[in-house]
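Here the structure is laid out as structure tokens; the discussion comes afterwards.
So that the names make sense, note that chain A is the first sequence line, chain B the second, and so on, each numbered from 1. In this text, all values refer to a predicted model and were calculated from it rather than measured experimentally.
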Amino acid sequence: MQNQLFIHNTLSRKKELFEPINPPFAGMYVCGPTVYGDPHLGHARPAITFDLVFRYLLHLEYKVRYVRNITDVGHLVADLDEGEDKIAVKARVEQVEPMEIAQYYADRYFIFMDALNVKRPSIEPRASGHMIEQIVMVGKILDAGYAYEVNGSVYFDVEKYSKSYDYGKLSGRVLEDLISNTRSLEGQDEKRNAADFALWKKAQPEHIMRWPSPWGDGFPGWHLECSAMSTKYLGEYFDIHGGGMDLLFPHHESEIAQCQAAIGHESVKYWMHNNMITINGQKMGKSLGNFITLDEFFTGKHASLQQAYSPMTIRFFILQAHYRSTVDFSNEALQAAEKGLKKLVAGYETLMKLSPSPMASNPSPPAPLPGGEGSVPGGEGRIAAIQRDCYNAMNDDFNSPMVIASLFEGVRIINTVADKKDTLTAPELELLKNIFDTFLFDILGLKNEKANDQGELLDGLMQLVLSIRQKSRETKDWGTSDQIRDALQKLQIVVKDGKDGTAWDVG
RNA sequence: GGUUUCGUGGCCGAGUGGCUAGGCAGCGGUCUGCAAAACCGUCCACAGCGGUUCGACUCCGCUCGAAACCUCCA
């Protein structure tokens, strides 16, 4: 299987062939959460997007090191006093240690990401644990002459940097516009230029989170941790840097500048950005107050939710859109996703019960291949065509919606065979199972939730109940038969009479 | 105002210079004791106006509309 993976690089705004710097190794850094609130649907998007990338790279047998940070220090609160640290603010309100808050929400984040079947990254470094690296990096930027110190704070000199390099290359911004359009914030007079950003901020006396540095007690600037930690764990030049589109500017733009200034060259080969989740066409975000937490989704306890949605429904909902598109939240869309996923999983369960036919399956013309490359002489089988479509979709910038569409094609065939209107040979059946195992479970990372909450006890009971019902059906005792069916219905168990006996399903 | 992106059928969402997305919902049928499920068929489309082209939903321009970023945010 020849795999030519193309990745949309935000830097070039084009799809580029993925060629790792040091194969078979691949390094990926993704901006993780700021742990000062419960994870919401917006957090799920990048986690799932880059989980898909992680899983696919692993499938392609790259040796991947995936680093996703935990931000537990450093971000400013815009509408409060300058220099306040988000986590410190909340800590004072609740009268607990800042690190206690950070620990609590980091744990919550892990719990919900686990529920979404997001693989744990290789390393999850915390900003607070990398003060030395950050301070060293500030020192390097100062030494290189691209930063200046004022009153115990250190700022990046964007204007000077722009004389040699292109600040704005990632986001497409022009420095003059930045200078003329940046709002004036309190305390900005310390900066030489409005476009400059803090590398190190002096801590005010009341500031709880503070660390000693050559410039006095303070805390690191907004963009520093990612540069310091990606360099530490992935090296001065690595393959993929990911994050949400809202981080493009100024965060990632500034990361580029910091690395260029500190190291002498850029550090990222491919920049990837996932798009936002919207609610009523607006971004779902903490600051807008229109976010729904994952906990609320899983329990259904939110005014906007008509029902609870399972973790896999959320995952499937997100994967049904391409990662660079916005996804609009609605109950209708989630319910459609829930049904679609159920159909897919049910198809897989049916597949496991199918027996092969010794005969060749119905001949169907192979799908035409673009350019004719890779076509199989004598006609490619329709199952192989599904597999090929899945790979092509993944290789085309991780097009998960296309993968899902191909899997549905597989489901159609499975159901037709189960209906005895078609047959599959043993090799075809094997290949189909392999496709589902690989793409549905390994790569898309979906799992059969039903299998988890239904133990052997329930299974045995259902066998018993259905065999009794079957007997009454054989004697045409429809009253008893329907009574059982109706009673089960009330318990959310759906009875499905088929040609080969009766199946059942929860929900 | 600037930067970036987008506008696809009842809903969600792919894709392409000439040919099917897919899911959910609807309609008709097959199957079934009935129902459900499943399968088959079917309806509904590419914001508007120009241009390029033999041909554009797809390329170009304009208009209208939307979003993100420019301030912490995934």
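- Between the side chain of Asp497(A) and the base of C34(B), at least one donor-acceptor pair of N or O atoms lies under 3.5 Å.
- Under the salt bridge (Lys or Arg N to Asp or Glu O under 4.0 Å) criterion, the residue pairs touching residues 312-333 of chain A are Asp51(A)-Arg315(A), Arg324(A)-Asp397(A), with sequence neighbours excluded.
- In this structure, Asn275(A) places its CG atom 11 Å from P of C69(B), rounding to the nearest Å.
- Val30(A) comes within 4.0 angstrom of nothing in the nucleic acid, heavy atoms only.
- Residues that satisfy the salt bridge (Lys or Arg N to Asp or Glu O under 4.0 Å) test with Lys15(A), not counting sequence neighbours, are Asp396(A).
- Scanning for salt bridge (Lys or Arg N to Asp or Glu O under 4.0 Å) contacts around Lys496(A) gives Asp505(A), with sequence neighbours left out.
- Residue Leu407(A) is out of contact with every strand shown, counting any heavy-atom pair closer than 4.0 Å.
- Within 4.0 Å (heavy atoms only), Gly42(A) reaches at least one base atom of the nucleic acid.
- For Lys496(A), the side-chain atoms get nearest to A36(B) when compared with the rest of C72(B), A38(B), A36(B).
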**OP:** With pairs defined as Watson-Crick or G-U wobble and both distances under 3.5 angstrom, please note down RNA chain B as a dot-bracket string, | for pairing with another strand.
**Re:** (((((((..(((.....[...))).(((((.......)))))....(((((..]....))))))))))))....
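- Contacts of Ser406(A) classified as side chain to side chain donor-acceptor pair (under 3.5 Å), with partners at least two apart in sequence or in another chain: none.
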Check the interface with nucleotides 22-30 of chain B: list each N/O to N/O pair with the protein under 3.5 Å, or write none.
residue, atom, partner, partner atom, Å
A25(B), OP1, Lys339(A), NZ, 2.7

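- For Ser325(A) against G13(B), a side-chain-to-base donor-acceptor contact under 3.5 Å is absent.
- If you take CG of Leu319(A) and P of A14(B), they are 12 Å apart, rounded to a whole angstrom.
- Using a 4.0 Å cut-off between charged nitrogen and carboxylate oxygen, Arg469(A) and Asp497(A) count as a salt-bridge pair.
- Nearer to the 5' terminus of RNA chain B, by closest-nucleotide assignment, is the contact made by Val327(A) (compared with the other of Val327(A) and Thr416(A)).
- Residues of residues 472-479 of chain A having a heavy atom closer than 4.0 Å to RNA chain B, listed by number: Arg473(A), Trp478(A).
- Residue pairs meeting the ring pair (Phe, Tyr, Trp, His ring centres under 6.0 Å) criterion with at least one partner in residues 326-352 of chain A, sequence neighbours excluded, are Phe297(A)-Phe329(A), Tyr348(A)-Phe441(A).
- The side chain of Asn399(A) lies closest to A14(B) when the candidates are A14(B), C73(B), G13(B).
- Under the 4.0 Å criterion applied to side-chain N and carboxylate O atoms, Lys471(A) and Glu474(A) are not assigned as salt-bridge partners.
- At a threshold of 4.5 Å between non-hydrogen side-chain atoms, the residues Tyr155(A) and Trp200(A) do not count as touching.
- Remark: Glu124(A) engages Arg68(A) in a salt bridge (Lys or Arg N to Asp or Glu O under 4.0 Å) (not counting sequence neighbours).
- With sequence neighbours excluded, no residue satisfies side chain to side chain donor-acceptor pair (under 3.5 Å) with Thr49(A).
- The base of A35(B) is paired with the side chain of Arg485(A) by a donor and an acceptor separated by under 3.5 Å.
- Comparing Arg13(A) and Asp482(A), the nucleotide of RNA chain B nearest to each residue sits closer to the 5' end for Arg13(A).
- Remark: Asp196(A) engages no residue in a salt bridge (Lys or Arg N to Asp or Glu O under 4.0 Å) (not counting sequence neighbours).
- With sequence neighbours left out, Tyr66(A) forms a side chain to side chain donor-acceptor pair (under 3.5 Å) with no residue at all.
- Straight-line distance from the CE atom of Met276(A) to the C1' atom of A66(B): 16 Å, rounded to whole Å.
- Distances were taken from every side-chain heavy atom of Asp246(A) (C-beta onward) to each of C72(B), A14(B), A68(B); the shortest belongs to A68(B).
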